[in-house]
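See below for the structure under consideration.
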Amino acid sequence: MDRDLLRQSLSCHGPTLLSLLRSEQQDNPHFRGLLGPAADTARGAPPLLARKERRGDNIEIQKFISRKADLLFALSWKQNAPTVSEINEENEDYYAIMPPLEQFMDVPSVDRRELFFRDVERGDVVIGRISSIREFGFFMVLICLGSGIIRDISHLEITALCPLRDVPSHSNHGDPLSYYQTGDLIRAGIKDIDRYHEKLVVSLYSSSLPPHLSEMKLGVISSEDLPLHYRRSIELNSNSSESYENVLQHSMGFMNPGGVEFLLGKLGISESNPPSLMRGLQRTNFSEEDFAFTLRKKQSASWALKCVKIGVDYFKVGRHVDAMNEYNKALEIDKQNVEALVARGALYATKGSLNKAIEDFEVALETCPTHRNARKYLCQTLVERGGQLEEEEKLLNAESYYKKALTLDETFKEAEDALSKLHKHMQKSLELREKQAEKEEKQKSKKIETSAEKLRKLLKEEKRLKKKRKRSTSSSSSASSADQVVSSSSSSSSSGHKKHKKRKRNRSESSRNSKRHSSKASSHPPDQNRKEESYLLPANTSASFLNQKQEMEKLLENQGRVKEREKSNIQSSSSAEIPDNFGGRSEDSRDFYNSSRIQASSSKIEKPFKPDRYFSSRRDFSGSFSRNSDEKIKNFNRKFEKGVEGRKEHYRKWEPGSMRYSTSPAGLDCSWKSVEKSKKYANTGLHGFNRNDEEQRSQLNTNQKKESENREENYGDEIEDLEEDALNGKEQSESNVKKNLPQNLLTIFNQIAEFEKEKGNKQKN
Amino acid sequence: MEFLQFIIPLSTIKEGHLVSEAKVHFKVTRFIMEAGVKLGMQSIPIATACTIYHKFFCETKLDAYDPYLIAMSAIYLAGKVEEQHLRTRDIINVSHRYLNPKSEPLELDSWFWELRDSIVQCELLMLRVLHFRVSFQHPHKYLLHYLISLKNWMNRHSWERTPVSLVAWALLRDSYHGVLCLRYPAPHIAVAVLYLALQCYGVEVPADSEAEKPWWQVFSEDLTKPVIDNIVSDLIQIYTMDTEIP
């Protein structure tokens, strides 16, 4: 019980209230202690008799008070009345801002003055006019208040002093007071009050104001800044017959329907927890369950459940569409209904939309983590989805699904089995890749040793192929024969005819591509030959160039070797380690996939090989595009980027080459881009390749699709040129070789190119 | 009238003519107030609902209609009038639970739809009885403005110490259990409520005796002290029924 309030009430009403209280509240433990000492205050009653008499009819009220005393004087009221921060927004729109009450009451000035000095506090904002300026500060006559309480003081002639130190200076030197003049309207904050002597000290610094008012501008203001209540007060003065009611009803803010809410906030009254003096209406008596919101939720849940039941019946009978309708209806009624979500998830899973099913189960589990069925179904669906992904070779994804299923339900045997199976699968594939990488390395080494022999063989085979091609250009058999030639360079086996078939299978498409390249190469117009030369230039790094130099010379001697080089390029291991300029393209591409994760290879991919690899990979891509993983592509890209830089350097070195080179890019760009758009992959492109560079490129591009686009952006012109190299097959190898060779070898290359041209022409014939 | 069995036991209705009508109205308005809080209604829509209810039964006899149904329709109508729209489903849920404590929410069956229909029909009936005059000037806005003006005049510390605003608001809300709203104009009720609140705590308006006009006169020109006293005593009377009704 609040003693102070009680005391106040008692002193107002006198001893009768006390006795009434005693009788009414005798059972109330809170009052026993209080009423005792209250008797003392009752002795102070005689001086209050005057007041009490005035309220003679108070008995009823006193009875009321005594009856409701436990509510009236409860401490809980204080909690309900928070002190609202007083930002005096003179916002007429929210409510009617009235002139001060005392003005209507016509309180005598003496009392107003007295009350003003009683009630004013430090930090209040006052507004006044400067009356005089002295050397120690200025005096101002207050005309109204700007915050806190609103009083009518304009006629009270209250002056306040603003000392010099509280006047901020407006210029760097000189007297800050010089800024001000007599008659200026000033807004200031009260700094100090001497209530007894009725003296005020104000300040123009905002530090004198409380924090919530710190934005208020102190100092000189204009008459527009005068608060609304003051303006209304002036109006009232001139028209003293206006009643409060009239002013109230005629002001705009009074009409505002939102005014009630605003004022409730200002006064600290809550609508959600409304006060009442009725015993039955005390908020504590209300149970949360009886509230409309709770009841609605419960009702929705039970309605939704009904729909779900009907839906499940439909589902059992097989009427899936009807079942889905019922579930959706249920979810409309109650969005978070667990049963409906689980049932719908099960329906999705049965129909095959596993992702949707997983979503539904997850939402259901969020809402109700203990739902057994939801958990069970979710695990099953996750495993199923994992299985699907595994088939698509998205092994990492599948793994994450299995793991998720396991974390949800550790005892889920199927998930464990599937996960272990997957791991085995992954391991196997890793092992396979490693083996292949090893093989390729072996091959490379072998190639280096027997490259000359291989080249000779390859050249011979090519000749045979060309003859066959004349007979049947479109047949893949020619390709196969070419493949055989080419496949000899496949990395998986040492160059040799025996392995041709294997490689053929592995690289059928790549070999086709290479074949196309070779055929294309043969049909190249002269300028392309030049391009070839230029392409060859940047292909290899200087390092590889050094290694390959000898071999290059051998190759140059023998045209066939060029082809072999091509093959060897194709063959060259996917591992980037190959210093050989015979970067196996096709092989590279595939091995790139497999070994994309093999960090060594990726890091070692050397620049000269990149373009080749790029192209070979593209060829492979055409064949095994579906298996490309994004990771691998990215690896490729990265490697290529490295290669680009290297190539660039080479380009710079080989200026003559680059000159020629520059002639081609434009054409290549166009063709390349057009190719990408066309996106047709077809083995029948062989024809096109033979005849039309663009078509070839287009086919290649289609094979590569996204990769090519990425690469194009990454690599720019140079790559395109290099791509042409790849297209040109032989020329590529040549170009690679050429790039590494010193300029004096360029002539040799040119010869070779011409030879190729002749061959191509022969083929056409 | 078949809904009666779900609303009030028939015996109480038979006794209706013995028990003063005021008590029934008190009970039903108590229902309106409580349902209003549970429905999240603001003070003014609740006040409108009560006013509609009281007005309706001034025009008609109590035994002609089921008071609870009228109350539910009054709530529904008041929500529309005061722009705080309520759904009939919520009103039915809360009312059903109030009258049948701890019961499960109603099933969405024909009974439910019939109940809902009856509310809507009743709403139209009430509108016609009241001649479609269903928007009222409530004392609430006046009271709030008076409180602001008074707050500025009083010492801020004593104001913070004394929950005058809260008690005045509580008194005003509770006044709708009776027919004060129909008998006196809004500003008068507001002043009277404020007067009583100040009385409860023994708060004196500063310089009231020295002023030309007492504060309550300022707020309402045509108000007189006897009127205030009347209102106050009526209000207190309403509270007495609180203790009597079980």
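No hydrogens, no waters, no symmetry mates; every other heavy atom, side chains included, goes into these values. Proteins come first, then strands; the chains are lettered A, B, ... in the order of their sequence lines, and each starts at number 1.
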Evaluate the criterion side chain to side chain donor-acceptor pair (under 3.5 Å) for residue pair D234(B) and Y184(B); output intermediate values, then yes/no. CA-CA 11 Å; D234(B) 280 352; Y184(B) 303 99; 3.0 Å; yes
Begin from the C-alpha positions of Y142(B) and S220(B) and carry the test side chain to side chain donor-acceptor pair (under 3.5 Å) through to its verdict. CA-CA 10 Å; Y142(B) 290 96; S220(B) 180; over 6 Å; no
Report the C-alpha distance between R151(A) and D119(A) in whole Å, list the side-chain angles of each, state the deciding distance to 0.1 Å, and finish with yes or no for side-chain contact (heavy atoms from CB on, under 4.5 Å). CA-CA 10 Å; R151(A) 295 289 167 92; D119(A) 295 336; 2.6 Å; yes
side-chain contact (heavy atoms from CB on, under 4.5 Å) evaluation trace for W215(B) with L198(B): CA-CA 12 Å; W215(B) 62 271; L198(B) 292 170; 3.6 Å; yes
Could you walk me through whether F73(A) and K68(A) pass side-chain contact (heavy atoms from CB on, under 4.5 Å), step by step? CA-CA 8 Å; F73(A) 301 107; K68(A) 298 289 179 186; over 6 Å; no
Side chain to side chain donor-acceptor pair (under 3.5 Å) assessment of S233(A) paired with Q103(A): CA-CA 8 Å; S233(A) 173; Q103(A) 208 173 341; 2.7 Å; yes
Trace of the side-chain contact (heavy atoms from CB on, under 4.5 Å) decision for E60(A) with V232(B): CA-CA 9 Å; E60(A) 245 188 65; V232(B) 168; 5.5 Å; no
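Residues E34(B) and K38(B) are paired through a salt bridge, judged by an N-O separation under 4.0 Å between the basic side chain and the carboxylate. For the pair R112(A) and E210(B), the salt-bridge criterion is not met [side-chain N within less than 4.0 Å of a carboxylate O]. Ion pair R156(B)/D124(A) flagged as a salt bridge, since at least one NZ, NE, NH1 or NH2 atom sits closer than 4.0 Å to an Asp/Glu carboxylate oxygen.
In this structure, the portions of S300(A) lying under 4.5 Å from any heavy atom of chain B include both its backbone and its side chain. With a 4.5 Å cut-off on non-hydrogen atoms, L72(A) touches chain B through its backbone and its side chain both. In this structure, the portion of P187(B) lying under 4.5 Å from any heavy atom of chain A is its side chain and not its backbone. Proximity to chain A (any heavy atom under 4.5 Å) is shown, for I91(B), by neither the backbone nor the side chain. Heavy atoms of R118(A) lying under 4.5 Å from chain B belong to its backbone as well as its side chain. For H140(B), no part lies near chain A; criterion is any non-hydrogen pair under 4.5 Å. Heavy-atom distances place both the backbone and the side chain of E289(A) under 4.5 Å from chain B. Heavy-atom distances place no part of E288(A) under 4.5 Å from chain B, backbone and side chain included. Heavy atoms of Y98(B) lying under 4.5 Å from chain A are absent altogether. Contacts between F286(A) and chain B at a heavy-atom distance below 4.5 Å involve the side chain alone, from C-beta outward. Both the backbone and the side chain of S276(A) come within contact range of chain B, with heavy atoms under 4.5 Å apart. Both the backbone and the side chain of M105(A) come within less than 4.5 Å of a heavy atom of chain B. Interface residue K306(A): only side-chain heavy atoms are found under 4.5 Å from chain B. Proximity to chain B (any heavy atom under 4.5 Å) is restricted, for L248(A), to the side chain, taken from C-beta onward. Heavy atoms of L295(A) lying under 4.5 Å from chain B belong to its backbone as well as its side chain. When heavy atoms are compared at a cutoff of 4.5 Å, V120(A) approaches chain B solely by way of its backbone atoms N, CA, C and O.
Of all the listed residues (W303(A), F104(A), F291(A)), the one sharing the greatest number of non-hydrogen pairs under 4.5 Å with chain B is W303(A). Your options are V110(A), I65(A), L281(A), and the one with the most heavy-atom pairs under 4.5 Å with chain B is L281(A). Chosen from E212(B), H145(B), R173(B), the residue pairing most often with chain A at heavy-atom distances under 4.5 Å is H145(B). For the set L172(B), L196(B), I238(B), the entry with the most heavy-atom pairs within less than 4.5 Å of chain A is L196(B). Across T294(A), L115(A), D152(A), the residue that shares the most heavy-atom pairs under 4.5 angstrom with chain B is L115(A). When L144(B), V94(B), L143(B) are compared by the number of non-hydrogen pairs under 4.5 Å with chain A, L144(B) comes out ahead. In terms of heavy-atom pairs under 4.5 angstrom with chain A, the leader among E104(B), H177(B), Q217(B) is H177(B). For the set M154(B), E83(B), K141(B), the entry with the most heavy-atom pairs within less than 4.5 Å of chain A is K141(B). The candidate from R89(B), H157(B), M33(B) with the greatest count of non-hydrogen atom pairs under 4.5 Å with chain A is R89(B). For the options D290(A), L71(A), V260(A), heavy-atom pairs under 4.5 Å to chain B are most numerous at D290(A).
In this structure, W159(B) and L147(B) have side chains that are in contact, with non-hydrogen atoms separated by less than 4.5 Å. At a threshold of 4.5 Å between non-hydrogen side-chain atoms, the residues L194(B) and W216(B) do not count as touching.
Note: E82(B) CD to H138(B) NE2 = 5.0 Å, rounded to the nearest 0.5 Å. Distance check: M41(B) CE to I75(B) CD1 gives 6.0 Å after rounding to the nearest 0.5 Å.
Using cut-offs of 30° and 60° for the angle between ring planes, the Y244(A) and Y146(B) rings count as tilted.
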